[in-house]
Every structure is written in C-alpha cells, then in structure tokens.
Amino acid sequence: MISDWIFKETNQRRLKENMPEVAVIPTSAIEPHNMHLPVGQDFMHTSIITERSVKKAWKKINKVVALPGIPYGVDCNLLNFPIAIHVSQHVLDAMLRDIVASLLSYGIRKVVIVNGHGGNDFTPFIRQIQHDMDTHVFQIDWWKVGDDAYSEIFDKPEDHAGELETSVAMALYPGLVEMEHARDGKAQPFRFEALQKGWARTSRDFSKLNDHCATADPYAATAEKGEKYLQLVIDRISGFLVELAGEPVDDDFPFVKHGHIQ
Ligand SMILES: [Zn+2]
C-alpha cells in the first residue's frame with residue numbers, strides 16, 4: 001500500500017497528478033542519550049512525529065508530503081561519549097539549501113523543517129534563503145510545541161534525555177529503552193549567575209557536566225505521558241500544515257493581507 005504523504009513511497013505518476021504544496025523535512029542528530037535511550041533517538045522520534053503529523057494533515061488536504069529526514073546534526077560538544085556523529089551547521093545548511101532549491105524548481109515554495117535536536121539552528125539559514133530565493137521556510141522545534149502544557153503532563157523540567165524524551169521513546173519504541181540502566185541526569189551547574197539564569201548563553205561541553213551524557217531526570221517517565229505529549233504536538237503541527245497548504249503565496253504571505261491591520 002502506497003502512502004502518498006510519504007515522499008519515498010510515492011511515484012512520478014502520482015506526483016504529476018497531485019503536486020504537493022508543502023514539503024516537510026525532519027532534522028535531527030545521532031548522539032548518546034543517558035545510558036538507556038538509543039543513539040538514533042532524535043532521528044527516530046522526529047521522523048515518526050513528522051510522518052504522523054503529515055498523515056493527519058494529508059487526510060484534510062492532500063497537498064502535504066513528508067521527506068526523508070537528515071539523520072545527523074551539530075554534535076561537536078558531545079564527542080567525548082560513544083558515539084556521536086558531528087555534522088557542522090554550515091553543512092546542514094548547504095544540504096537544506098539544495099533541497100529547498102530542488103523543491104522550488106517544481107513550484108513547491110513552502111518548506112517546513114521539523115527539528116528534533118537542540119544543537120541545530122536554522123534561523124540564519126532561513127533568513128538568508130528567503131532573501132536569495134522565492135521560497136518560504138519554517139522551523140518547528142517539536143519538543144517546544146507543547147511548552148504551555150508541559151507542567152500538566154510532566155513532573156521534572158526537561159533538558160537532554162530527560163522525562164519528556166524518555167516518555168516519548170517509551171511510547172514510540174519501548175523495546176529500545178533500557179530503563180534499568182538510566183542514570184539521574186544530575187549535571188554540574190554553571191559558576192556564573194548570568195548563565196544559570198539563562199540571559200547569557202554558551203555551548204556546553206557535555207563531558208564536563210557528568211559521566212552519562214544527560215542533563216535531566218528521566219525517572220518519572222511513562223509511555224502514557226509520552227503518548228499525551230505526542231498527541232498534542234502532532235495535532236498542533238498537522239493543524240499548521242493544513243493551514244499552510246490551503247494558503248496561496250501572495251504578496252503579503254505569511255502575514256495577514258494588507259488592509260486587515262486593526
Ligand atoms: Zn534527543
């Protein structure tokens with residue numbers, strides 16, 4: 001059975017009959033996550049969230065397609081643990097630039113990046129490409145989509161490989177979670193108040209934080225919490241994709257039309 005919303009499954013004949021309006025591409029990372037989660041965690045959950053969001057959107061408007069994801073991400077600060085694969089941001093940007101240009105040559109001018117790794121940042125890329133090409137690119141960091149509901153679902157604050165990520169893994173691929181080996185994620189704090197408060201930022205060398213490459217407590221994770229958060233995230237992303245697919249790219253896009261300012 002061919003799923004038209006999965007780009008790698010569809011074919012030329014189907015695409016000729018029904019060209020997508022919106023292409024969605026997951027970006028992620030291959031990196032260690034505490035002692036209990038798979039190194040392919042970010043690649044797997046981000047790909048699944050993308051495909052489920054696109055499927056849900058496609059059922060309302062069949063103009064959305066999920067591209068295969070980029071598995072690798074910016075991981076130079078995790079290389080002291082086995083095994084992170086580091087790909088520089090400029091290489092990711094260059095690859096995305098060519099992908100966006102390819103899509104544009106078929107008239108696809110709306111591209112959504114569903115990002116699943118905190119070390120990736122496509123903000124400058126998006127600013128630049130929208131200057132260089134007649135296209136529109138959007139970034140969603142999926143774990144932030146339900147920020148406003150976070151404390152209703154989870155008990156402990158999230159960072160790398162904590163309660164949220166572990167819950168999502170338990171919901172999506174429970175057979176790959178070795179909870180009995182999970183450690184507490186307690187990490188060395190910054191010595192400067194500005195960094196503790198977060199108004200000054202820097203990159204963290206994870207090998208100076210603790211010995212298990214984790215910065216949040218995973219112990220309260222459950223599959224039910226993961227399922228709940230995923231549902232919220234997928235509902236919101238698919239809703240956005242439906243709106244995007246139905247909206248023509250006019251002169252004011254993506255803003256409200258001129259003359260509608262209150
Ligand atoms: Zn992760």
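In each ligand, atom 1 is the first atom listed, and ligand 1 is the first ligand listed. Bear in mind that the values here come from a model prediction, so they are computed numbers and not experimental data.
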Undergrad: Do the ring planes of Trp5 and Trp58 sit parallel (below 30°), tilted (30 to 60°) or perpendicular (above 60°)?
TA: tilted
Undergrad: Step through the shown structure and confirm whether more than 12 heavy atoms of other residues, nucleotides or ligands are within 6.0 Å of CZ on Arg14.
TA: yes
Undergrad: Closest N/O/S atom of His33 to the Zn ion (ligand 1), by atom name?
TA: NE2
Undergrad: So, Glu163 side chain and Ala216 main chain: donor-acceptor pair closer than 3.5 Å or not?
TA: no
Undergrad: If we ignore angles and hydrogens, is there a donor and acceptor under 3.5 Å between the side chains of Asp251 and His258?
TA: no
Undergrad: Does Glu165 put an N, O or S atom under 2.8 Å from the Zn ion (ligand 1)?
TA: yes
Undergrad: When you measure from the Zn ion (ligand 1) to each N, O or S atom of Asp42, which atom gives the shortest distance?
TA: OD1
Undergrad: Of all the atoms in His160, is at least one N, O or S atom closer to the Zn ion (ligand 1) than 2.8 Å?
TA: no
